[in-house]
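So you know, we letter chains A, B, ... as the sequences are listed, proteins then strands, and number each from 1. Everything quoted here is computed from the prediction, not taken from an experiment.
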Amino acid sequence: MFSNALLAWYDKNKRHLPWRISPSNPYYTWLSEIMLQQTTVVTVIPYFDKFVEKWPTIQCLAAASLDEILVEWQGLGYYSRARNLCQCAKLLAEHFPVTEEELSKLPGVGPYTAAAIASIAFGQKAAAVDGNVVRVLSRYFAITTVNPAKDVKEKLLPLLPEKRCGDFTQGLMELGALICRPKSPLCSACPLQQDCGAYALRKMEDFPQMAPKQKLPTRYTTAFILKRDDGAILLRKRPPQGLLGGMMEVPTTPWEEIPHEKKGRRVRHTFTHFHLEVDVCPHKDIRAFEGIWVMPQDLKKYALPTLMKKILKGE
DNA sequence: TGTCCACGTCT
DNA sequence: AAGACGTGGAC
């Protein structure tokens with residue numbers, strides 16, 4: 001039986017992650033699930049530890065400002081998650097919903113995260129479909145439709161056990177992360193091998209069937225380092241929405257698909273939907289832009305995305 | 001070097 | 001419904 005085999009495997013093989021505590025802590029579950037969106041476990045662990053050390057409860061986090069949260073979130077990416085987290089904390093401190101339907105109304109909580117929290121934190125029967133689950137089940141059922149996420153959810157629902165639904169959800173994702181990996185899956189160690197459709201065909205890596213990705217365009221900009229005589233550097237805050245919203249930056253020219261002449265150091269960075277090539281130049285006129293002046297040793301007090309850390313490296 | 005992970009959510 | 005939205009590490 002699917003769920004028994006999976007649960008037995010999970011009991012033996014689960015990783016001991018900082019948010020996997022018993023009894024479950026809904027704050028930990030929610031915070032870790034937001035951080036884990038599009039982000040690997042190894043990357044998330046140090047951020048999660050920092051957050052719960054600084055803000056041990058949802059009430060503590062609810063009292064934090066967005067700027068404080070962005071400073072701790074810097075480097076984790078998808079900064080809209082931090083903006084939604086800040087809003088969401090204030091709601092959750094008042095009332096933490098228990099059902100999938102209510103949870104999915106929260107900012108930053110979509111169908112996957114709502115089901116994950118409902119099952120993991122509250123033991124509800126909810127089908128959480130993330131990339132791991134899509135991979136495991138599209139292989140198990142040898143699903144040949146392109147972008148099979150929807151089919152996977154329908155197949156998953158009747159497999160959910162009455163008891164231990166949270167462990168079942170985590171077990172499925174854990175199996176995807178450790179055994180049913182995108183490349184070179186470890187089928188000999190898999191509790192589902194016997195009934196796996198893709199394994200029967202020996203075509204594991206042909207699933208899931210994904211639409212081909214388009215190639216990323218490159219954009220170009222010049223970034224200006226403005227340095228005062230006392231060593232302070234000019235930073236400014238980006239608009240609250242959109243790319244790197246609410247994060248700090250050095251001034252740049254508009255980011256366009258027109259290559260710039262190389263005058264200074266070159267920095268390359270890839271975003272979700274484009275590459276960026278930056279020409280980093282000192283700027284003589286310290287009055288050329290508005291912003292705040294920050295001493296190099298104080299840069300860590302500000303929320304800087306990785307792109308800006310690369311640009312400021314050595315300053 | 002370039003591609004993939006990475007369906008997750010919002011608009 | 002399709003595009004916006006980061007990052008780093010594996011291969």
Find the distance [X]:[atom1] to [N]:[atom2] and express it as a whole number of Å.
X: A:Leu85; N: B:dT9; atom1: CG; atom2: C1'; value: 14 Å
X: A:Glu277; N: B:dT1; atom1: CD; atom2: P; value: 13 Å
X: A:Tyr78; N: B:dG8; atom1: OH; atom2: P; value: 9 Å
X: A:Arg81; N: B:dA6; atom1: CZ; atom2: P; value: 14 Å

Residues from [range] lying under 4.0 Å of DNA chain C - heavy atoms:
range: residues 236-245 of chain A; value: A:Gly242, A:Leu243, A:Leu244
range: residues 66-77 of chain A; value: A:Gly75, A:Leu76, A:Gly77
range: residues 171-178 of chain A; value: none

Notebook entry, point to check: Which string of ( ) [ ] | and . matches DNA chain B, if you list each base 5' to 3' and count Watson-Crick or G-U pairs only when both distances are under 3.5 Å?
Noted result: .||||..||||

Does the side chain of [X] come under 3.5 Å of the side chain of [Y] through a donor N or O and an acceptor N or O?
X: A:Arg135; Y: A:Asn132; result: yes
X: A:Thr113; Y: A:Gln37; result: yes
X: A:Tyr112; Y: A:Glu33; result: yes

Give a yes or no on this: more than 12 heavy atoms of other residues, nucleotides or ligands lie within 6.0 Å of atom [atom1] of [X].
X: A:Lys203; atom1: NZ; result: no
X: A:Arg287; atom1: CZ; result: no
X: A:Lys262; atom1: NZ; result: yes
X: A:Lys163; atom1: NZ; result: no

Margin query: Nearest 0.5 Å, please: how far is CG in A:Leu106 from CG in A:Leu85?
Written below: 11.0 Å

Check: Measuring from A:Thr270:OG1 to A:Leu276:CG, what's the distance to the nearest 0.5 Å?
Finding: 9.0 Å

Item checked: 5' priority, DNA chain C, between A:Lys310 and A:Phe274 [closest heavy atom] -> A:Phe274

Next item on the list: Would you mind telling me which residue lines up with the more 5' stretch of DNA chain C, A:Gln38 or A:Arg181, judged by nearest nucleotide?
Entry: A:Gln38

Next item on the list: With A:Arg83 as the cation and A:Tyr79 as the aromatic partner, state whether NZ or CZ is under 6.0 Å from the six-membered ring centre and within 45° of the axis.
Entry: no

Note to self: Is the ring pair A:Phe2/A:Phe168 parallel, tilted or perpendicular, if the boundaries are 30 and 60 degrees?
What the structure shows: tilted

Margin query: Ring-plane angle category for A:His269 and A:Phe271, please: parallel below 30°, perpendicular beyond 60°, tilted otherwise.
Written below: perpendicular

Please state the [atom1] separation for the pair [N] and [M] - nearest whole angstrom.
N: C:dA4; M: B:dC7; atom1: P; answer: 16 Å
N: C:dC11; M: B:dA6; atom1: P; answer: 14 Å
N: C:dG6; M: B:dC5; atom1: C1'; answer: 13 Å

Item checked: Qualifying salt bridge (Lys or Arg N to Asp or Glu O under 4.0 Å) pairs with a residue from residues 18-31 of chain A, counting only residues at least two apart or across chains -> A:Arg20-A:Glu174

Checklist line | By ring-ring contact (aromatic ring centres under 6.0 Å, His included) - contacts of A:Trp9 (at least two apart) | finding: none

Per-pair distances, 0.1 Å, donor-acceptor, side chain in residues 176-185 of chain A, under 3.5 Å, sequence neighbours excluded:
residue: A:Arg181; atom: NE; partner: A:Ser184; partner atom: O; Å: 3.2
residue: A:Arg181; atom: NH2; partner: A:Ser184; partner atom: O; Å: 2.8

Notebook entry, point to check: Looking at DNA chain B, which of residues 106-123 of chain A put a heavy atom within less than 4.0 Å of it?
Noted result: A:Leu106, A:Pro107, A:Gly108, A:Val109, A:Gly110, A:Pro111, A:Tyr112, A:Thr113

Notebook entry, point to check: A:Ser119 pairs by side-chain contact (heavy atoms from CB on, under 4.5 Å) with which of A:Thr169, A:Thr29, A:Asp167?
Noted result: A:Thr169

Notebook entry, point to check: Cluster question for you: counting only ILVMFWY and a side-chain heavy-atom cut-off of under 4.5 Å, with indirect links fine, are A:Phe289 and A:Val280 together?
Noted result: no

Note to self: Do the side chains of A:Glu249 and A:Arg236 get close enough for a salt bridge, i.e. N-O under 4.0 angstrom?
What the structure shows: yes

Next item on the list: Would you mind checking if A:Arg139 and A:Asp206 are paired as a salt bridge, meaning a charged N to carboxylate O distance below 4.0 Å?
Entry: no

Next item on the list: Would you please name every residue forming a side-chain contact (heavy atoms from CB on, under 4.5 Å) with A:Glu162, sequence neighbours left out?
Entry: A:Lys125

Notebook entry, point to check: So which one's nearest nucleotide on DNA chain B is more toward 5', A:Ser104 or A:Thr39?
Noted result: A:Thr39

Notebook entry, point to check: What is the 5' to 3' range of DNA chain C, first to last nucleotide, that sits under 4.0 Å from any heavy atom of chain A?
Noted result: C:dA4 to C:dG8

Nucleotide N/O to protein N/O under 3.5 Å, stretch nucleotides 3-5 of chain B:
residue: B:dC5; atom: OP2; partner: A:Lys213; partner atom: NZ; Å: 3.3

Give every donor-acceptor pair under 3.5 Å between a side-chain atom in residues 295-303 of chain A and any protein atom, sequence neighbours left out.
residue: A:Asp298; atom: OD1; partner: A:Lys301; partner atom: NZ; Å: 3.2
residue: A:Lys300; atom: NZ; partner: A:Gln297; partner atom: O; Å: 2.6

